[in-house]
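Shown next, in C-alpha cells, is the structure this report addresses.
Counting starts at 1 for both ligands and their atoms, following the listed order.
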Amino acid sequence: MTPDALSALHHSAFTTPRPWSAAEVAALLSGTGVFWHGDANGFVMGRSVAGEAEILTLAVAPNQRRKGLARTLMQQFEAHACETGADTAFLEVAENNAAAAALYLSLGYAQVGRRRGYFETPQGHHIDALVMSKLLHPGI
Ligand SMILES: CC(C)(COP(=O)(O)OP(=O)(O)OC[C@H]1O[C@@H](n2cnc3c(N)ncnc32)[C@H](O)[C@@H]1OP(=O)(O)O)[C@@H](O)C(=O)NCCC(=O)NCCS
C-alpha cells in the first residue's frame, strides 16, 4: 500500500489523534526501525529499536471491525518486534478509547503510566493517554 492509501485508511479510523497525511506517513516509514503490516481493511505501524517496540498506530476500517482483524495485526506486530530483537512493547491509547483499551488488555498489555492531556480532540479538548506495555516472548 502507498502512503496515500495508508493515510486514507488512517483518516477513516481516527479523529483523535489527528489523522496523518500521506507525507507524514511517508516520513514515518522512512524512520529507523519502522515497519507496518496490513491491507486495505486495516494496518498496524510500529517501530522496533534497541530492544523496545512501539505501536505507532493501529487502524481498522469502520466497516471491517469486530472481525478479529486488529487482533491479527497485533500478533503480526509482536512477531515482527520479536524478530527484530524487541523484548518489550509499548503503546499509548486515549483513556476514552474503550475499544482499543479492551483489545490491548485482552492481549496482555497492562497500564504502566499516564500522559496527562497528551491527545487533543478536533474541538481542542485534551485527553490523557494511558501508556501500556507488555513483555514479549518469542514463539508465543
Ligand atoms: C480499536 C480497533 C483497532 C479494533 O479493531 P477490530 O478489528 O474491530 O478489533 P478486533 O475485532 O480484532 O477485536 C479484538 C478484541 O478487541 C476488543 N474490542 C474491539 N472493538 C471493541 C469495541 N468496540 N468495544 C469493546 N471491545 C472491543 C474486544 O475484546 C475484541 O474481542 P472480541 O471481538 O472477541 O470481543 C478499531 O476499533 C479501530 O480502528 N478504532 C479506531 C482507531 C483506534 O482507536 N486505534 C487504536 C489506537 S490506540
Side-chain angles (χ1 to χ4, degrees):
M1 283 172 75
T2 63
D4 280 311
L6 292 171
S7 170
L9 195 44
H10 203 253
H11 275 75
S12 79
F14 281 101
T15 53
T16 305
R18 176 182 63 76
W20 296 341
S21 69
E24 288 171 320
V25 170
L28 276 168
L29 289 173
S30 69
T32 303
V34 175
F35 61 92
W36 70 277
H37 293 274
D39 59 23
N41 295 325
F43 75 101
V44 63
M45 189 184 297
R47 174 165 44 213
S48 178
V49 176
E52 288 188 351
E54 178 187 6
I55 296 159
L56 298 175
T57 199
L58 170 66
V60 171
N63 64 356
Q64 297 297 326
R65 291 181 185 167
R66 298 311 290 264
K67 298 179 179 179
L69 181 53
R71 194 182 294 281
T72 298
L73 290 167
M74 287 297 296
Q75 288 164 352
Q76 292 172 341
F77 161 81
E78 291 181 4
H80 191 126
C82 287
E83 284 165 18
T84 51
D87 56 20
T88 312
F90 286 94
L91 61 90
E92 283 143 353
V93 58
E95 70 168 347
N96 65 348
N97 190 342
L103 167 70
Y104 299 136
L105 285 170
S106 78
L107 292 170
Y109 288 78
Q111 184 181 342
V112 294
R114 172 183 291 267
R115 298 192 203 281
R116 298 214 178 269
Y118 185 79
F119 294 114
E120 184 173 357
T121 69
Q123 296 76 30
H125 300 131
H126 290 270
I127 300 173
D128 289 359
L130 308 181
V131 183
M132 302 183 83
S133 179
K134 175 181 177 178
L135 289 178
L136 301 175
H137 302 284
I140 296 178

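- Ligand-side atoms of ligand 1 in range of Ala59: 39 (O), range being under 4.0 angstrom from any heavy atom.
- The contact set between ligand 1 and Leu58, taken as ligand atoms under 4.0 Å from a residue heavy atom, comprises 3 (C), 42 (C), 43 (C), 45 (N), 46 (C).
- Residue contacts with ligand 1: Met74 is excluded, as none of its non-hydrogen atoms falls under 4.0 Å.
- Proximity of a side-chain donor or acceptor of Ser7 to a complementary backbone N or O of Trp20 within less than 3.5 Å is detected.
- Polar contact with ligand 1: absent for Val93 (N/O pair, distance under 3.5 Å).
- For the residues Gly42, Ala100, Ala129, the heavy atom positioned nearest atom 1 (C) of ligand 1 is part of Ala100.
- Across every non-hydrogen atom of Leu58 and Ala70, the tightest pair is CD2-CB, 4.2 Å.
- The contact set between ligand 1 and Ala13, taken as ligand atoms under 4.0 Å from a residue heavy atom, comprises 41 (C), 42 (C).
- Shortest contact from atom 36 (C) of ligand 1 to any protein heavy atom: Arg65 NE, 3.6 Å.
- Although no hydrogens or angles enter the test, the distance criterion places no donor-acceptor pair under 3.5 Å between the side chain of Thr88 and the main chain of Leu135.
- Val60 N, 2.9 Å is the protein heavy atom nearest to atom 39 (O) of ligand 1.
- With rounding to the nearest 0.5 Å, the separation of CZ in Arg18 from NE2 in His11 is 8.0 Å.
- The N/O atoms of Lys67, backbone and side chain alike, include one that comes under 3.5 Å of an N/O atom in ligand 1.
- In Ala99, the parts holding a heavy atom less than 4.0 Å from any atom of ligand 1 are both the side chain and the backbone.
- Remark: the backbone N or O of Gly117 is paired with a side-chain donor or acceptor of Asp128 at under 3.5 angstrom.
- Across Asn63 and Lys67, no two heavy atoms sit closer than the pair O-NZ, 3.9 Å.
- The heavy atom nearest to atom 48 (S) of ligand 1, out of those in Phe43, Phe119, Tyr104, is found in Tyr104.
- Scanning the protein heavy atoms around atom 25 (C) of ligand 1, the nearest turns out to be Arg66 NH1, 3.8 Å.
- Across Ser12 and Pro62, no two heavy atoms sit closer than the pair O-CG, 3.3 Å.
- Not a single heavy atom of Ala98 sits under 4.0 Å from any atom of ligand 1.
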Derivation of the side chain to side chain contact (heavy atoms under 4.5 Å, CB included) call for Phe43 and Met1: CA-CA 10 Å; Phe43 75 101; Met1 283 172 75; 5.5 Å; no
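- Considering every non-hydrogen atom in both Val25 and Pro3, the closest pair reads CG1-CA, 3.9 Å.
- Atom 7 (O) of ligand 1 has as its closest protein heavy atom Ala70 N, 3.0 Å.
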Worked verdict on Phe35 versus Glu83 for side chain to side chain contact (heavy atoms under 4.5 Å, CB included): CA-CA 12 Å; Phe35 61 92; Glu83 284 165 18; over 6 Å; no
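- The protein non-hydrogen atom at the shortest distance from atom 26 (N) of ligand 1 is Ala102 CB, 3.5 Å.
- Annotation: atom 30 (C) of ligand 1 to nearest protein heavy atom, Arg71 NH2, 3.7 Å.
- Heavy-atom minimum distance, Val93 versus Ala101: CG2-N, 4.3 Å.
- For atom 42 (C) of ligand 1, the nearest non-hydrogen atom of the protein is Phe14 CZ, 3.5 Å.
- Inclusion of Glu92 in the set of residues having an N or O under 3.5 Å from an N or O of ligand 1 is not warranted.
- Regarding atom 17 (C) of ligand 1, its nearest protein heavy-atom neighbour is Leu103 N, 3.7 Å.
- In plain terms, the two heavy atoms of Thr16 and Phe119 that are nearest each other are CG2-CB, 3.8 Å.
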